[in-house]
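A quick note: this is a predicted structure, and the numbers were derived from the prediction, not measured. We count ligands from 1, going down the list as the structure has it; atoms in each ligand are counted the same way.
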Amino acid sequence: MTLRDRRILLIISGGIAAYKSLDLIRRLRERGARVIPVMTAGAQQFVTPLAVGALSSGHVFTDLFSREDEQDVGHIRLARDCDLVLVAPATADLMAKMANGLADDLASTVLLATDRPVLIAPAMNPKMWSHPATLRNAETLAGDGIRFVGPKAGEMAEGGEAGLGRMAEPLEIVAAVEALLDAGAGAQPLPLSGKRAIVTSGPTHEPIDPVRYIANRSSGKQGHAIAAALAKLGADVTLVSGPVEIADPPGVRVVHVERAEEMLDAVVAALPSDIAVMVAAVADWRVATSAGEKIKKKPGEAPPPLQLAENPDILKTIGHHAARPKLVVGFAAETQDLEANARGKLKRKGADFIVANDVSPATGIMGGDRNSVKIVGNDGIEAWPDLSKQEVAERLADLIAKRLEALR
Ligand code: CTP
């Protein structure tokens, strides 16, 4: 198997063998892998983030509390958004942290948060490796399912001392990465693993004054079910939800917003993504200037007029964005001319297909548990039977996985 397009999260910890990690990055990339480097503070004493960044052609993650990287629970995303976590070199200190579940910096936190296979290449002085504490930690880690490559016997980089503790050579590490990924490949990866998805859901609330707002009848049930269904197929999902009464779905990252403008900001902040499914019933208009204080009734005066301003169209913005996801799916809530309106939205908003539903009160769809949709694409229209919202979500997630596969 080749390493083409495999995402390797490479954690470099602080040992002299870190200089070999530079070559390791090259070797992995020569085989088509994408390398996402994380460096501990110690590693930065031996090689610079600049060198690591230049070789990996990307951002080097160093800080658990980086505002920029952590805006979107970055360490959790880092921990999951890869095919394998490789620690090279793995120092005695990092192994001790791993064995004890410590998480006091980015590297150790990622190692605690990951659900991906972990391969470590220990490197340390032979006395440190043979210390009962390190051997105990190595045994614990092996018991936890952590894989090892090395350490090897030989001369230490610092010279003078020989024994077990030398980091495996980059090519040996690459071979171990390939073997581990090959072994995992038999287990059939989920159809959307490694893919990112953004889903919007629920209504938006547009304030009139501090106590009143404009809303709609969306419950969020359909959008939330879609986010959960995509996560079940292995996608890394960010759900941007308006105010809803239902619980956050399991296994997805949820960003709660109130207004359409906030929803747009949250969606754009979640880019890049492979998939966008815009399910939210976004208010088309907001109150042009919402009052800072509660608007009072004035005896004898006419009710205050509400001046409306148009909200940004989130689907349209994403459908035409420079970082447009490969697959953009919109919804169309209609009470008349369902198909013609959906086709219009498909074109206007730059979507790949539109899930159209009739939200006339008689259908009970808005707020209800069932949905009856038509999939409107450039290649025609497919009517689905009346289904529960969960069934619609599961069928839609399958369809998205198939379409994405066809786009490869
Ligand atoms: N949408 C959006 N941002 C908006 C309005 C709508 O992202 N400001 C998205 C919805 O999430 C949905 C699609 O656009 O995926 C269509 O929404 P719908 O309410 O059916 O259409 P509108 O664009 O609001 O058009 P109209 O009110 O004319 O039907």
For ligand 1, the portion of Lys316 having any non-hydrogen atom under 4.0 Å away: neither
Looking only at side chains, do Thr91 and Asp93 share a donor and an acceptor under 3.5 Å apart? no
Within less than 4.0 angstrom of ligand 1, does Pro312 place any heavy atom? yes
Protein contact to atom 22 (P) of ligand 1 [nearest heavy atom, distance to 0.1 Å]: Lys349 NZ, 3.7 Å
Closest non-hydrogen protein atom to atom 27 (O) of ligand 1, residue and atom name please, with distance? Asp284 OD2, 3.0 Å
Does Ala281 reach ligand 1 with a nitrogen or oxygen that is under 3.5 Å from one of the ligand's nitrogen or oxygen atoms? no
Please write down residue, atom name and distance for the protein heavy atom closest to atom 11 (O) of ligand 1. Ala280 O, 2.6 Å
Could you tell me if Asn311 and Glu261 have a donor-acceptor pair between their side chains, going purely by distance under 3.5 Å? no
Please write down residue, atom name and distance for the protein heavy atom closest to atom 12 (C) of ligand 1. Phe331 O, 3.1 Å
Name the closest protein heavy atom to atom 9 (C) of ligand 1, giving the residue it belongs to and the distance to 0.1 Å. Leu315 CB, 3.7 Å
For Tyr213, look at atom OH and say whether over 12 heavy atoms of other residues, nucleotides or ligands are found less than 6.0 Å away. no
Checking the N or O distance criterion of under 3.5 Å, is ligand 1 in contact with Ala332? no
Fit a plane to each ring of Trp129 and Phe148, take the angle between them on a 0 to 90° scale, and name the class: parallel (under 30°), tilted (30 to 60°) or perpendicular (over 60°). perpendicular
Going by an N to O cut-off under 4.0 Å, is there a salt bridge joining Asp352 and Arg403? no
In sequence, state the C-alpha distance, the side-chain angles, and the governing distance for Trp384 and Asn371, and then conclude on side-chain contact (heavy atoms from CB on, under 4.5 Å). CA-CA 9 Å; Trp384 287 1; Asn371 206 351; over 6 Å; no
Which protein non-hydrogen atom lies closest to atom 3 (N) of ligand 1, naming both residue and atom, and how far is it? Ile314 N, 3.0 Å
Would you say the side-chain atoms of Asn137 and Thr140 include a donor-acceptor pair closer than 3.5 Å? no
Considering only heavy atoms, does Asp313 approach ligand 1 within less than 4.0 Å through its side chain, its backbone, both, or neither? both
Numbering the atoms of ligand 1 from 1, which are under 4.0 Å from a heavy atom of Met278? 11 (O), 12 (C), 15 (O)
Under 4.0 Å from one or more heavy atoms of Gly330, ligand 1 contributes atoms 15 (O)
Atom 19 (O) of ligand 1 protein-contacted (non-hydrogen atom, under 4.0 angstrom): no
Any non-hydrogen side-chain atom of Leu111 less than 4.5 Å from a side-chain atom of Thr109? no
Taking atom 29 (O) of ligand 1 as the point of reference, which of Lys345, Glu334, Arg348 owns the nearest heavy atom? Lys345
Side chains of Arg253 and Thr238 only: does a donor on one sit below 3.5 Å from an acceptor on the other? yes
Hey, is ligand 1 close enough to Val282 that some N/O pair sits below 3.5 Å? no
Is there a donor-acceptor pair under 3.5 Å between the side chain of Ser201 and the backbone N or O of His224? yes
